[in-house]
Amino acid sequence: MAEFERRYATAQTGTRTDTAAYDAGLRAFMLSVYNYMGGAVALSGVVAYGTYLAAASNPDIANLIFASPLRWVIMLAPLAMVFFLSFRINSMSLGTAQASFWIYAALVGLSLASIFIVFTGESIARVFFITGAAFGATSLWAYTTKQDLSGWGSFLFMGLIGVIIAAVVNLFLQSSAMQFAISVITVLVFTGLTAYDTQKLKNIYYAVGHDAVVAGKSAIMGALNLYLDFLNIFLALLNLFGNRE
């Protein structure tokens with residue numbers, strides 16, 4: 001009887017140790033995701049504002065970035081980097097994946113410089129902090145909730161496709177009412193995706209185990225997804241509540 005109790009106690013201790021190790025590993029993994037994402041947001045902001053200041057002080061730079069054919073390259077380059085990272089991440093070294101991620105964040109910053117021309121700095125700052133608070137609360141809830149959010153995926157994907165189609169149609173219609181509706185739906189869809197992607201990262205950590213390289217690449221891709229969620233919420237809220245110059 002005593003031997004049974006000793007073995008049972010040992011098994012229970014081992015379980016608690018494994019659980020504690022898993023929880024600590026998960027926290028470290030999620031922290032690396034948020035560090036990547038936060039660094040990318042900061043880098044994009046610095047590049048965007050620096051580009052705006054350079055364009056404001058030099059008309060030649062302004063024309064090159066905002067009026068020449070180069071503007072199409074600047075607009076499409078971040079999208080190209082997303083596809084590049086998504087399709088090549090598994091064949092890259094961890095260092096190359098990190099460098100590609102930071103290049104992507106800088107390119108997004110370059111493409112966002114025009115918001116400082118369209119909107120007042122005060123409204124940009126206000127919407128940024130509102131976005132940060134909403135994103136943080138949503139991600140924290142998804143991390144701590146016991147509710148399974150995997151069923152949200154197909155619904156949110158359909159919503160995303162609908163937003164893209166509506167945005168393309170509105171390029172031709174130029175309807176302010178339709179743009180308002182698109183912005184509202186975008187906020188709802190990407191808030192849902194923030195929760196969905198956050199919880200999915202927990203499952204990814206469980207799947208990759210203790211492989212440091214795979215976990216590092218997974219953290220980069222997780223940060224990319226959350227960054228895109230944050231960016232789309234921010235831009236949609238800016239269209240809704242930003243004060244134009």
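The structure presented is a predicted model; accordingly, all values stated were derived computationally and were not measured. In this chain, residues are counted from 1 in sequence order.
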Please determine whether side-chain contact (heavy atoms from CB on, under 4.5 Å) holds for the pair Leu140 and Phe135, giving the CA-CA distance in whole Å, both sets of side-chain angles, and the decisive distance to 0.1 Å.
CA-CA 8 Å; Leu140 178 62; Phe135 176 91; over 6 Å; no

Can Phe230 and Phe128 be said to form a side-chain contact (heavy atoms from CB on, under 4.5 Å), step by step?
CA-CA 10 Å; Phe230 180 94; Phe128 177 83; 3.7 Å; yes

Intermediate values then yes/no, side-chain contact (heavy atoms from CB on, under 4.5 Å), Leu201 and Phe29:
CA-CA 9 Å; Leu201 282 168; Phe29 173 74; 4.2 Å; yes

Could you walk me through whether Tyr227 and Val108 pass the side-chain contact (heavy atoms from CB on, under 4.5 Å) test, one step at a time?
CA-CA 11 Å; Tyr227 176 90; Val108 171; 3.1 Å; yes

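No hydrogens or angles considered: nothing links the side chains of Tyr196 and Ser150 as a donor-acceptor pair under 3.5 Å. Between Thr194 and Thr138, the side chains place no donor N or O within less than 3.5 Å of an acceptor N or O (distance only, hydrogens not considered).
Side-chain N or O atoms of Thr51 include one that pairs as donor or acceptor with a backbone N or O of Val47 at under 3.5 Å. Remark: the backbone N or O of Gly242 is not paired with any side-chain donor or acceptor of Ser123 at under 3.5 angstrom. Side chain of Lys200 to main chain of Ala195: no donor-acceptor pair is present (N/O by atom type, distance under 3.5 Å, no hydrogens or angles). In this structure, Gln199 contributes its side chain and Gln147 its backbone to a donor-acceptor pair below 3.5 Å. Remark: side-chain polar atoms of Thr120 are not paired, donor with acceptor, to backbone N or O of Arg244 under 3.5 angstrom. A donor-acceptor contact shorter than 3.5 Å is absent between the side chain of Arg88 and the backbone of Leu85. Checking side-chain atoms of Ser44 against main-chain N and O of Val41 turns up no donor-acceptor pair under 3.5 Å. No side-chain donor-acceptor contact under 3.5 Å links Asn170 to the backbone of Ala166.
In this structure Val73 satisfies the side chain to side chain contact (heavy atoms under 4.5 Å, CB included) test together with Leu70, sequence neighbours excluded. Qualifying side chain to side chain contact (heavy atoms under 4.5 Å, CB included) partners for Thr186, counting only residues two or more places apart in sequence or in other chains: Val163, Ile182, Phe190, Asn232, Ala236. Every residue two or more places apart in sequence or in another chain was checked for a side-chain hydrogen bond (donor to acceptor under 3.5 Å, both in side chains) with Tyr104, and none qualifies.
Leu156 contributes atom CG, which lies 4.5 Å from atom CG of Leu193 (distance to the nearest 0.5 angstrom). Note that CE of Met92 is 3.5 Å distant from CZ of Phe84, once rounded to the nearest 0.5 Å. Distance CZ/Phe180 to CG/Leu240: 5.5 Å, rounded to 0.5 Å.
More than 12 heavy atoms of other residues, nucleotides or ligands shown are found within 6.0 angstrom of OH on Tyr143. Residue Met75 places its CE atom among 12 or fewer non-hydrogen atoms of other residues, nucleotides or ligands, all under 6.0 Å distant.
Between Ile220 and Tyr36, some side-chain heavy-atom pair lies under the 4.5 Å cut-off.
Taking the six-membered ring for Trp, Phe66 and Tyr52 have ring centres at least 6.0 Å apart.
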